[in-house]
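Quick notes on the structure that follows.
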Amino acid sequence: MQTPSTAFAAEPQNTTAQQAVEEQLIRNVLRSFEDCDDLRLKQLMQSLTRHLHAFIRDVQLTETEWNKAIEFLTAVGHITDDRRQEFILLSDILGASMQTININNETYGDATESTVFGPFFVEDAPRIDNGDDIAGAGAGQPCWVEGSVRDTGGNPVPNARIEVWEADEDGFYDVQYTDERVSGRAHLFSDEEGNYRFWGLTPTPYPIPHDGPVGSLLKATGRSPMRASHLHFMVTAPGLRTLVTHIFVRGDELLKYDTVFGVKESLIKDFEQQAAETPTPNGRDLGDRTWARARFDIILAPAES
Ligand code: BEZ
Ligand code: FE
């Protein structure tokens with residue numbers, strides 16, 4: 001039987017030998033990318049190697065766990081098709097989408113902040129005029145949304161293209177229904193003074209698709225699939241940085257727990273409730289329905305910022 005002092009003495013030697021094996025492997029993998037002509041790809045692969053191996057060593061990953069991880073990624077691949085992108089959902093719930101957005105859309109003066117794009121944007125949404133309704137067949141409380149589009153010098157931006165899209169009060173986007181409806185989405189243009197306005201629906205919370213492996217991961221880790229209530233915007237104008245963002249509803253309990261980490265303080269807006277029969281801004285007759293209103297003034301950074 002080993003005396004305690006021998007056991008103590010042997011440990012650093014073993015550890016050193018073990019460390020040497022592990023570190024040699026990392027050096028070998030790093031060296032395998034050394035001749036890559038594409039310098040950016042080489043940087044990406046070598047940095048990934050360092051971080052991946054640091055993770056494996058940090059958690060002392062077991063072979064069973066590694067196999068489970070591969071099974072998980074295989075399931076993510078299997079459920080992914082033209083309509084369902086589980087890898088993006090995985091990136092979203094890990095905060096990787098948001099961090100990539102943060103890095104690539106640096107804060108610039110008082111320019112409006114960006115947030116996650118999400119999977120429910122559709123090209124060629126209907127064109128509406130200012131003051132029109134985007135809700136279509138979507139159920140929910142009518143909500144008047146208005147604001148201005150300006151550059152960081154405070155100049156109005158006329159004719160900015162504003163894409164808006166949102167879920168209905170049941171938490172579904174039109175593309176999640178099987179009846180080919182187009183609702184809760186449109187595009188419009190800011191007017192000559194750089195202002196815009198439209199009717200939408202007061203946003204309500206909804207879960208991200210959680211019937212696949214990402215949903216199972218959320219469940220296994222005790223996380224909710226819910227997103228805080230929001231309305232999506234994408235704003236484009238020549239010479240200015242494209243803005244992809246949402247506005248969130250002040251007071252929503254989910255603001256702190258948005259499962260894709262998309263909430264930024266500057267994007268939380270007041271959605272003011274209006275009693276039934278309160279006159280609407282454009283004379284729309286809502287009968288005995290209540291409605292809400294929100295203001296979102298948009299500031300676009302220069303394109304090369
Ligand atoms: C969305 O807001 O539409 C969304 C964003 C990330 C994942 C799922 C949905
Ligand atoms: Fe959304």
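Remember, it's 1-based here, ligands and their atoms both numbered in the order they're listed. What you see below is based on every heavy atom in this structure, not just the backbone, and it leaves out hydrogens, waters and symmetry mates. This one's a predicted model, so the numbers in the text were calculated from it and none came from an experiment.
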What I'd like to find out is whether the side chain of [X] reaches to under 4.5 Å of the side chain of [Y], using heavy atoms alone.
{"X": "P142", "Y": "R284", "answer": "yes"}
{"X": "E113", "Y": "T107", "answer": "yes"}
{"X": "R150", "Y": "D297", "answer": "no"}

In ligand 1, which numbered atoms sit nearer than 4.0 Å to a non-hydrogen atom of [X]?
{"X": "F120", "answer": "3 (O), 9 (C)"}
{"X": "V260", "answer": "6 (C), 7 (C)"}
{"X": "R227", "answer": "1 (C), 2 (O), 4 (C), 5 (C)"}

**Message:** Counting only heavy atoms closer than 4.0 Å, does ligand 1 sit against the backbone of L89, its side chain, both, or neither?
**Reply:** side chain

Identity and separation of the nearest protein heavy atom to [atom]:
{"atom": "atom 7 (C) of ligand 1", "value": "D92 OD2, 3.1 Å"}
{"atom": "atom 8 (C) of ligand 1", "value": "I208 CG2, 3.3 Å"}
{"atom": "atom 5 (C) of ligand 1", "value": "G118 CA, 3.4 Å"}
{"atom": "atom 9 (C) of ligand 1", "value": "P119 CD, 3.3 Å"}
{"atom": "atom 1 (C) of ligand 1", "value": "Y206 OH, 2.8 Å"}

**Message:** Using a 3.5 Å cut-off on N or O atoms only, is H232 in polar contact with ligand 1?
**Reply:** yes

**Item:** Heavy atom of F261, distance to ligand 1 below 4.0 Å
**Value:** no

**Request:** Please verify whether a non-hydrogen atom of F117 lies at under 4.0 Å from ligand 1.
**Result:** no

Output yes when a side-chain donor or acceptor of [X] lies under 3.5 Å from a complementary backbone atom of [Y], and no otherwise.
{"X": "Q273", "Y": "T290", "answer": "no"}
{"X": "S190", "Y": "N159", "answer": "yes"}
{"X": "H187", "Y": "A125", "answer": "yes"}
{"X": "S47", "Y": "Q43", "answer": "no"}

**Request:** Would you check if the Fe ion (ligand 2) lies under 2.8 Å from any N, O or S atom of H246?
**Result:** no

**Request:** Name whichever N, O or S atom of H230 ends up nearest to the Fe ion (ligand 2).
**Result:** NE2

**Request:** With side chain to side chain contact (heavy atoms under 4.5 Å, CB included) as the test, would you mind laying out the steps for I298 and Y196 before giving the verdict?
**Result:** CA-CA 10 Å; I298 296 164; Y196 71 92; 3.9 Å; yes

**Item:** Ion pair check, R250 and D270, cut-off under 4.0 Å
**Value:** yes

**Complete:** So the angle subtended at the Fe ion (ligand 2) by Y173 atom OH and H232 atom NE2, rounded to 10 degrees, is 90°

**Message:** What's the separation between atom CZ in R293 and atom NZ in K269, rounded to the nearest 0.5 Å?
**Reply:** 15.5 Å

